[in-house]
Colleague: 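What follows is a structure written as structure tokens; I'll ask about it next.
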Amino acid sequence: MQCPFCGNRTTKVLETRHIDSSFVIKRKRTCPRCKKRFTTYERIEASPIVVIKRDGSREPFDREKLKRGIIEACSKRPVSLDEIEKIVADIEKDLQSYIMEISSKELGEMVLKRLKKLDKIAYIRFLSIYQNFDSIEDFIKVIKKMKRSKVGI
Ligand SMILES: [Zn+2]
């Protein structure tokens, strides 16, 4: 942390305090060179997101795993890696508003919402990979419903 008064690169922390129960930390600092005091507010960005699976078990959010699932759904489809990367980055951004946990169902829906706009076949594939249809009938039902709504698959 640089001193805002003299630009000195090292400052000393006098006091560290959490702001209520938020992820914001308030620090009182002093500069050893100019002796001025100032306060900083730091936000903890990378709060670990936990994904709650359908069986109730929890696992840490794994960006690469999510990406692999989307790549699989998009295989041989006209969807570029850049577009897939954009989806993942976009979801990561959205995840910032979830404090700690998200269900795998919600996470799956975040992907589906984005794939639907991009590629209908990839959308259906991801739906089948991610939601683990209980039966093939469920899968067919979704496809029929999509055909009826004329999304053009
Ligand atoms: Zn200073």
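All ligand and atom numbering here is 1-based and tracks the order in the structure.
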Colleague: Can a side-chain donor-acceptor contact be found between D55 and S57 if the only test is distance below 3.5 angstrom?
Modeller: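 Yes, D55 and S57 have a side-chain donor paired with an acceptor closer than 3.5 Å.
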Colleague: Please tell me whether V88 and I102 are part of a single hydrophobic cluster in this structure, the criterion being side-chain heavy atoms less than 4.5 Å apart.
Modeller: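 Same cluster: V88 reaches I102 through Ile, Leu, Val, Met, Phe, Trp or Tyr contacts under 4.5 Å.
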Colleague: Under a 4.0 Å N-O cut-off, is there an ion pair linking E15 with K26?
Modeller: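 Salt bridge absent between E15 and K26.
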Colleague: Where do I52 and R58 come nearest, in terms of heavy atoms and distance?
Modeller: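 In this case the closest contact between I52 and R58 is CD1-NH2, 3.9 Å.
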Colleague: Does R37 CZ have over 12 foreign heavy atoms under 6.0 Å away?
Modeller: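 Count not over threshold, so no.
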Colleague: At a cut-off of 2.8 Å, list the protein N/O/S atoms near the Zn ion (ligand 1), residue plus atom name.
Modeller: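 The answer, once waters are left aside, is C3 SG, C6 SG, C31 SG, C34 SG.
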Colleague: May I ask you to list the residues sharing a hydrophobic cluster with F5, side-chain cutoff 4.5 Å, ordered by chain and number?
Modeller: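 In the cluster with F5 are M1, F38.
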